[in-house]
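This report concerns only the one structure given below.
Throughout, protein chains are lettered first and strands after them, A, B, ... in sequence-line order, and every chain is numbered starting at 1.
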Protein chains: 2
Amino acid sequence: MQQTQQFFPEYVQLYRPLLNRLNNLLAPYQLFHSQWGILKLLWLDGEMTSAEIALRRQVEKPSVTKIVQRLLEMGLVSIRPGTDRREKWIGLTEQGQATVVNVMADLEVFYDNLLEGATVEDLEAGIRVLKIANKNLHK
Amino acid sequence: MQQTQQFFPEYVQLYRPLLNRLNNLLAPYQLFHSQWGILKLLWLDGEMTSAEIALRRQVEKPSVTKIVQRLLEMGLVSIRPGTDRREKWIGLTEQGQATVVNVMADLEVFYDNLLEGATVEDLEAGIRVLKIANKNLHK
DNA sequence: TTGTTTAGTTAGTCTAGCTAACCATTTATT
DNA sequence: AATAAATGGTTAGCTAGACTAACTAAACAA
């Protein structure tokens, strides 16, 4: 089937320039995309442990530790101990929430521009394809 | 518009696990995906200079230098001087071509599995969206 | 009680990119 | 023709962002 062989090259092609733009957009906030990924996760799903962040972001625990330490230094997240005394619950501070809201607004404009010219139907179809790939990848 | 805000999170979500699988698939050939990207480019478009590779791959020249040096050590590419004596033309060796063909075959299976369950129409729509994003990014 | 699993950290490694500074050659300007 | 500017490529050194291995402390299971 021809389409399966065209989709991913196109997908991969997009990634690096997209990432560069994303990092540019985040630079005024002193953030990199990996940090942003965690902030957004915490904003969407509320406070969680390091282990859960690692699971959700599909990275190893030491990677999370390092990024969270920096977010902590920046005052964007705070940590409270759990009843299970091994656990640390990580959540957004007021400042962290404000930052997320600002970045989201910037991203909205950025993404709208990037997809200008695409039809709603095509976008929905694209989202379906990405979801299927994600699912197939995890089984 | 809602869809533009859903597409990219889904897009980004897919990238890291995809990359990991890709690197796993390449490991038997002693390749990483950055090296593979250059090999495939040379296979598709024939020999070219370091500068053109940098342009096409959207990375800086020193990054290309480093990767090409490794491909050279592995015997997958060869270099010949151009008439412009600054230029070095980089092309696939026989071994390089054979490697590309083998990897392509593996990738075909991998991609087919990954997109199993997606309709041809959705895939075509997805490709259209990715192409538009790519175009919008470069202007 | 003792052994095993789980949460998190530290230390060290690697890929894959970057910028700055440089050399050699080619092209443009005066 | 001479000089300045641009281009192709390299070297050196830096960083983000991942990884594994090895560890501590706490919780859970036998």
Side-chain angles (χ1 to χ4, degrees), chain A residues 12-13 15-27 29-39 41 47-74 77-91, chain B residues 12-13 15-27 29-39 41 47-74 77-91:
Chain A
V12 169
Q13 175 77 15
Y15 190 75
R16 282 214 43 83
L18 179 68
L19 195 65
N20 284 338
R21 292 286 198 95
L22 204 55
N23 277 333
N24 281 350
L25 187 148
L26 291 171
Y29 303 92
Q30 314 256 56
L31 288 172
F32 293 98
H33 83 280
S34 59
Q35 299 164 345
W36 164 247
I38 289 181
L39 290 181
L41 180 60
E47 66 174 2
M48 58 183 75
T49 63
S50 212
E52 189 171 351
I53 292 174
L55 185 69
R56 295 287 300 273
R57 302 245 59 206
Q58 294 272 300
V59 296
E60 297 302 317
K61 289 187 297 174
S63 308
V64 175
T65 299
K66 219 194 279 183
I67 296 173
V68 167
Q69 278 169 349
R70 241 181 312 185
L71 294 174
L72 196 63
E73 283 164 23
M74 290 195 256
V77 303
S78 61
I79 295 182
R80 70 169 181 78
T83 46
D84 179 334
R85 289 188 347 243
R86 291 169 306 180
E87 291 179 347
K88 297 182 171 182
W89 288 77
I90 300 155
Chain B
V12 170
Q13 175 77 14
Y15 191 76
R16 283 215 42 82
L18 179 68
L19 194 65
N20 284 336
R21 292 287 198 96
L22 205 53
N23 276 333
N24 280 350
L25 184 148
L26 292 171
Y29 302 93
Q30 312 257 55
L31 289 171
F32 294 97
H33 85 282
S34 60
Q35 301 165 345
W36 164 247
I38 290 180
L39 290 182
L41 180 59
E47 65 174 1
M48 60 183 74
T49 64
S50 214
E52 189 172 350
I53 292 174
L55 184 71
R56 293 286 301 275
R57 300 245 66 209
Q58 295 270 301
V59 297
E60 298 302 318
K61 288 187 298 173
S63 308
V64 175
T65 299
K66 220 192 281 184
I67 297 173
V68 167
Q69 278 169 350
R70 240 181 313 185
L71 293 174
L72 196 61
E73 282 165 24
M74 288 194 255
V77 303
S78 61
I79 296 181
R80 70 169 180 79
T83 47
D84 179 335
R85 285 183 354 237
R86 291 170 304 184
E87 290 179 345
K88 296 181 171 182
W89 287 77
I90 299 154

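Note: Ile38(B) CD1 to Leu71(B) CG = 6.0 Å, rounded to the nearest 0.5 Å. Interatomic distance, Gln13(B) CD to Arg57(A) CZ, rounded to the nearest 0.5 Å: 7.0 Å. Once rounded to the nearest 0.5 Å, the distance linking CG of Asn20(A) with CG of Leu25(A) reads 12.5 Å. Of the inter-residue distances, the one linking Met74(B) atom CE with Leu39(B) atom CG reads 7.5 Å to the nearest 0.5 angstrom. The CG atom of Leu19(A) lies 6.0 Å from the CZ atom of Arg16(A); values are rounded to the nearest 0.5 Å.
For Ala51(B), whose side chain is taken as the heavy atoms from C-beta onward, the closest listed nucleotide among dG9(D), dT26(C), dA16(D) is dG9(D). For Arg86(B), counting side-chain heavy atoms from C-beta on, the closest listed nucleotide (dT26(C), dC19(D), dA16(D)) is dT26(C). In the set dG17(C), dT19(C), dT9(C), dG17(C) carries the atom at the smallest distance from any side-chain atom of Ser34(B). Listed nucleotides dA21(D), dC18(C), dT10(D) differ in distance to Arg16(A); the shortest reach to its side chain belongs to dC18(C). Side-chain proximity of Glu60(B) to the nucleotides dA18(D), dC18(C), dT10(C) is greatest for dC18(C). Comparing atom distances between the Pro62(B) side chain and each of dA18(D), dC19(D), dT11(D) picks out dT11(D) as nearest.
Computed from coordinates, the Asn20(A) CG to dT15(D) P distance equals 18 Å when rounded to whole Å. One atom, CG of Leu18(B), and another, P of dA18(D), lie 15 Å apart when rounded to the nearest Å. One can place CG of Leu72(B) at 14 Å from P of dG9(D), the figure rounded to the nearest angstrom. Per the geometry, CG belonging to Leu19(B) stands 13 Å off C1' belonging to dG17(C), to the nearest Å. Taking atom CZ on Arg70(A) and atom C1' on dT9(C), their separation rounds to 16 Å, with Å as the unit. Distance Gln58(B) CD to dC18(C) C1': 15 Å, rounded to the nearest Å. Rounded to an integer number of Å, the gap from CD1 of Ile90(B) to C1' of dG9(D) is 10 Å. Rounding to whole angstrom units, CZ of residue Arg21(A) and P of dG17(C) are separated by 18 Å.
In terms of phosphate contacts, Lys61(A) brings no side-chain nitrogen or oxygen within less than 4.0 Å of OP1 or OP2 of dC19(D). In this model, the phosphate group of dT15(C) is not approached by any side-chain N or O of His33(B) to a distance below 4.0 Å at OP1 or OP2. For Thr65(B) and dT10(D), the shortest distance from a side-chain N or O to OP1 or OP2 is below 4.0 Å. In terms of phosphate contacts, Ser63(B) brings no side-chain nitrogen or oxygen within less than 4.0 Å of OP1 or OP2 of dA16(C). The phosphate of dG17(C) has neither OP1 nor OP2 within less than 4.0 Å of any side-chain N or O from Arg57(B). For dA7(C), neither phosphate oxygen OP1 nor OP2 lies less than 4.0 angstrom from any side-chain nitrogen or oxygen of Ser50(A). For dT10(D), the OP1/OP2 oxygens have no side-chain nitrogen or oxygen of Gln69(B) closer than 4.0 Å.
Each of Glu87(B) and Arg85(A) was assigned the nucleotide of DNA chain D with the nearest heavy atom; the assignment lying further toward the 5' end belongs to Glu87(B). A residue-by-residue look at Lys66(A) and Val64(B) shows that Val64(B) has its nearest nucleotide of DNA chain D further toward the 5' end.
Side chains of Ile79(B) and Val68(B) form a contact here, defined as non-hydrogen atoms less than 4.5 Å apart.
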